[in-house]
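Below you'll find the structure, written out as C-alpha cells, and then a few comments.
Atoms within each ligand, like the ligands themselves, are counted from 1 in listed order. For reference, positions follow the sequence shown, starting with 1.
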Amino acid sequence: MAGVALRVAGRQLSQRSGSGVPVLLRQMFEPKSCTYTYLLGDRETREAVLIDPVLETAPRDAQLVKELGLRLLYAVNTHCHADHITGSGVLRSLLPGCQSVISRLSGAQADLHIEDGDSIRFGRFALETRASPGHTPGCVTFVLNDHSMAFTGDALLIRGCGRTDFQQGCAKTLYHSVHKNIFTLPGECLVYPAHDYHGLTVSTVEEERTLNPRLTLSCEEFVKLMDNLNLPKPEQIAEATAPRATAERVSGGLGAVGAEELEPQVWFPGVTDSGSGLSGERPQARPEEPSEQEAPEAREELPSSRGAEQQQAEEEEGGEGSSTESTRDEPEAKPPVQMPATSPAPVRAREGVRETALRLRGQQLEALTRVALMEQRVKELQRQKKELRIREQQRLCRERERVESLHQRLTEAQGQLDLQPEDQHEQLLQQVQELREQLEVAQRAYEDLEFQQLERESRQEEEDQESPGAQAPDPRVQELQASVAQHKRQIQVLEEQLKSLGEQMAAESWELSRKKEEALQALTQERSRLLELSRCLQGAFGGDFSESKQAHTKLLFTQKTDRQLVVLRDPSVHPAAASASSCLLSVHSSLQGSIGLQRTGSLSRKRGERASQRGSARPVSLHCTGALEASALASAAGASGRHPLYQLLNCGPSNGCRVLHPDIARMEQLLQQAVAERERLRQARAPPASPPCPAAPHILDLRQHLERWGHSPESCPHVRVSGGCCRGPLVKMGGRIKTWRKRWFCFDRQARRLAYYADKEQTKLKGVIYFQAIEEVYYDHLRSAFKSPNPRLTFCVKTYERLFYMVAPSPEAMRIWMDVIVTAADENHAL
Ligand SMILES: N[C@@H](CCC(=O)N[C@@H](CSS)C(=O)NCC(=O)O)C(=O)O
C-alpha cells in the first residue's frame, strides 16, 4: 500500500493542492490518559479526519463533528496505544461512513492499513504518513501536505518522547526515526503530540530540535536515558495492550481489548463526575476541555455560531464530565422527560424547552453510545460463539483423526502378528492389546465429544425453532440484544419528544408574536395619547415656557430618533431640581425588553422584532465626550414614588394647577388615563415570578443576588459590590476613535444607570448608560471587538444607540459585570 493515497470522493489532491488554504483544526483533550485528539477538516468540502480518538471521548468528538457540519471520513491512529482504547470503533458506529485507519505494522485491526508514504486525503488536504517507529514498531507521524503541522503521536512529545520500555519499543530506533523523519521537517512546522503531561499543547520542529532535553542528546546518551526512565506503567495498559488475538476479537474496528474486558467509561455531555479529575502526580493546570485552536492563518467560521450564553455556561461548568457506567449494567430507566407546562411565561417556556431539548440531546447521545458499545459486544459474543464452534469442530476432527490413526496402527500390528517369529509374538500381542485399549478410549472420547456437540446443536435448533429469527440464542447475547432494543426504543421516544417540543416551540413562538403585535398596537395607542397630552401641555404653557429667558421650565419634544425627552428646569415649581443643571427622563415605556430577556448574559432579540420596533418608542442613553457633573444627571424618577411627569410638573391633586389653567385638569385626566393604560398593559405582559427573574428593585440586594447566582464578589478583587452598586475597572473601547481606555465603572441601581469615569474617585464622568437603554449584553464570542486587548475577556453591552465593548480584568469579573448589567436590563424590563 506504500505510496497509495486514500481517495476521497474522487477528488484528487493534485487538482487543488490546498496550499495557502487554512485547514480547520481542533485539539481536544482526554484527561484520564492525557491524550490529545485532533480534528482536521476542510472548510469547503466539509470532509474531515480525526487523529487518535479515545473511546471515552468518542461521543464528544462525534458531536463536535456533527455540530461543525463535517463529514468524518477517517478515524486515524498514530499507533496502537498502550494507555487507552481507541475511539475508532465507536466513531464508526456513531458516524456512519467513517473508516478506521492504522499502520499495518501496528498489527491492529482496522478498515484500512497504511504504510510509510501513504496519504490520507480529506477535501483539499492530505496527511502524509511518515514512519516514526521506536515507541512501538508501528508508530507513524501524520504531516499535513503543506508541512505546516505534524501529528507526532507518541514518537515526539513536547520536550519529551514516547517511552520505549514496552510494546517492542526501541530507544535507538526512536532516536533515528525522529531525527530522520520529523526533525527534517521545516523548523516552523507545528508539532502536535498525542499526549502532554504538563499542560502544553503545541510546539515546533525547531523548538524540539534545539530544546528537547532527550532528543538533543547523542544517540548513546539517549538510549541510556531511555533505559533508565523507570516510568510507572500506564493505568490501562493491561486492557489496551491485550494480545493481538484479543485485539482482533473486537469487531469492526481497531481493537485492543476483548469485549469481556470492555467496561468503558462513557463520556456524556453535561454529566459531571468528580472522579474524572486528574490523579496522581499529574499537574492541576491541564486543559480539561476540548480547546479550540486556530490554524495559523485563519479564524474559524462555524456554520452555526454558539451563543455567549452557551459558552459562558460551558465555562462555568468547567470541563467535560464523565460518568463511569458499565455496558453490562442494566440500562437505567430514564426519568420521563418533563415537558414544559402548557402555557408558562414566554421566556421561561423558551428556556424550559431549550433546556429540555439539550437534556434530550444528552440522553440521546448517551443512549447512542450505549447502543454502539452494546452492538460491539453483541457482535463480539457472536464472533466468540462462532469461534468456539469452529474450535469444537477442530477438536472433534482431531479426535477422529486420532481414532483413525490408532485404528490404522492396530490393523497394521495385527497384520504383522502372523509374519513375526514366535519369540516376538508375545511382545507384539501386548502392543496390539495396548493399541486396542487406546483405541477404545479414543473412540469413547470421540463419541462423547460428538454426542455433546450433537446435543448442543439440537438444543440450538430447538431454541431457533422456538424463537425463529433469533440470531444469537446465547442468553448473554440475547440479554444484550434486548438491551440494545430497549435503548433504540428510548432513542425513538426521545426523538418523538424532541419533535413535539419543536412543534410546541413553534406554537409558542407564534403565540408570542401575536401577543407582541397586540402589545405594540396598544403601545401605539398609548403613545398617541401621550403625544396628545404633550401637545396640550405645550398649548397650556405657551411661549412663556419655551421662549422666555426667565422661565426655567422647558419642554422639549424630539422626533429625531423617535424619543421624547422632557427637560425641566424650574426651581420655583420644583425646588428639588433647582441644583440640577438638567433633568432627563423618558416619558414612555418600551415593550421591547419584554421578549427574549434572559439573565444568563445574552439579551438577544430577533432582527424581525427589532425592525418592527423601529417605529415604537425607544429608551434613551446619554454619553458625553467632555466631563460632566455627576449631579447634573440625577434621575428624574426621584424618591417620591410618584409618576415622574407628575413630579416634574408638580401637578398633584393638592396644588393649584387646576385653578391656574383649565387645560391642566384635562391634561391631568389624560395623563391619568395614560398611566392607567400603561399599568394595565404592563400587568397583562408581566411574567409570573420565578427564580431566574430578578426580584423587584426595592427588595433586590445586588450582592445577595449575585451570590445566589453562584458568584462570590467578595473573592473577586476587581469588583466592589454592595447592595445597590457595583464598581470596578473595565477597559472600554471608544465610540468614535477605536482606542481602548481603562475606565472606572459604577453601576448604580438607585440612579438606574451605569456610569463610567476617567478616575476611580468618580470625579470625571465620561459617559452614562441608562438601564432602559440596554438592549443586549453578551460575550464577544465572534471576536468582533476591534483590536481588543484581551478577546477572551471581552463582552458587549448593546444599547439602542451603540455597542459598547468592554474588557474585564478577569473571567470572574467579566461574569459578574455581565450578570450585573443583565440584572439592570431585567429590572428595567420588570418596571
Ligand atoms: N508520565 C506519564 C506516564 C504515562 C506514560 O507512560 N505515557 C507514555 C505514553 S502513553 S503509552 C509515554 O511514552 N510517556 C513518556 C514520558 O516521558 O512520560 C504520566 O504522567 O502519566
Side-chain angles (χ1 to χ4, degrees), residues 27-38 51-57 77-88 102-103 105-108 132-142 151-175 177-178 182 191-201 203 207-208 211-217 221-243 247 254-257 265 275-288:
Q27 183 182 45
M28 285 93 73
F29 190 64
E30 193 285 307
K32 206 170 157 215
S33 58
C34 293
T35 302
Y36 285 125
T37 298
Y38 299 94
I51 300 176
D52 285 335
V54 179
L55 178 72
E56 286 85 343
T57 41
N77 297 266
T78 52
H79 64 294
C80 188
H81 304 270
D83 59 337
H84 65 265
I85 298 154
T86 175
S88 314
I102 200 166
S103 77
L105 281 174
S106 70
S132 46
H135 172 63
T136 72
C139 278
V140 295
T141 289
F142 294 112
F151 301 88
T152 53
D154 285 7
L156 178 61
L157 305 179
I158 301 174
R159 309 290 189 268
C161 63
R163 62 200 292 171
T164 50
D165 55 341
F166 52 66
Q167 278 188 298
Q168 300 158 270
C170 172
K172 198 170 167 189
T173 309
L174 181 63
Y175 186 87
S177 70
V178 171
I182 302 177
V191 170
Y192 287 106
H195 298 283
D196 192 85
Y197 306 102
H198 313 284
L200 298 170
T201 53
S203 181
E207 267 180 57
E208 294 313 314
L211 299 171
N212 192 301
R214 293 183 189 170
L215 286 147
T216 45
L217 298 172
E221 287 167 332
F222 176 78
V223 172
K224 213 156 144 194
L225 180 108
M226 294 306 284
D227 287 349
N228 291 293
L229 277 185
N230 298 323
L231 289 170
K233 290 266 189 295
E235 271 173 40
Q236 294 193 65
I237 189 163
E239 302 99 303
T241 57
L254 288 162
V257 61
Q265 295 197 309
S276 70
L278 302 163
S279 60
E281 298 160 10
R282 289 170 181 164
Q284 294 295 309
R286 274 186 192 153
E288 286 187 15

Exercise. Using a 4.0 Å heavy-atom threshold (strictly under), name the region of Lys233 that reaches ligand 1: side chain, backbone, both or neither.
Key: neither
Quiz item: For ligand 1, which atoms have a heavy atom of Leu231 less than 4.0 angstrom away?
Solution: 15 (C), 16 (C), 17 (O), 18 (O)
Practice problem: Would you mind listing which atoms of ligand 1 come within a distance below 4.0 Å of any non-hydrogen atom of His135? | Solution: 11 (S), 13 (O)
Quiz item: Does a donor on one side chain and an acceptor on the other come within less than 3.5 Å for Ser88 and Asn77?
Solution: yes
Quiz item: Between Gln27 and Tyr192, what is the shortest heavy-atom contact and its length?
Solution: NE2-CD2, 3.9 Å
Quiz item: What part of His195, side chain from CB on, backbone N/CA/C/O, both or neither, has a heavy atom under 4.0 Å from ligand 1?
Solution: side chain
Quiz item: Under 3.5 Å, side chain of Thr173 to main-chain N/O of Pro133, donor-acceptor pair present?
Solution: no
Quiz prompt | Element-labelled atoms of ligand 1 that are located less than 4.0 Å from some non-hydrogen atom of Gly162 | solution = 13 (O)
Quiz item: Would you say Asp83 has any N or O atom under 3.5 Å from an N or O of ligand 1, going by distance alone?
Solution: no
Exercise. Measure the NE2-NE2 distance between His135 and His79 for me, rounded to the nearest 0.5 Å.
Key: 3.5 Å
Self-check item: Modelled atom types, side-chain donor and acceptor of Thr35 and His84, under 3.5 Å
Solution: yes
Quiz item: Any nitrogen or oxygen of Arg163, main chain or side chain, under 3.5 Å from a nitrogen or oxygen of ligand 1?
Solution: yes
Quiz item: Which word best sums up how the rings of Tyr175 and Phe222 line up, parallel for under 30°, tilted for 30 to 60°, or perpendicular for over 60°?
Solution: tilted
Quiz item: So is Arg214 polar-close to ligand 1, meaning N/O to N/O under 3.5 Å?
Solution: yes
Quiz item: Out of curiosity, is Cys161 lining ligand 1, as in a heavy atom under 4.0 Å away?
Solution: yes
Quiz item: Which residues pass the side chain to side chain contact (heavy atoms under 4.5 Å, CB included) test with Thr152, sequence neighbours left out?
Solution: Thr141, Ala150, Leu156, Ile182, Val191, Pro193
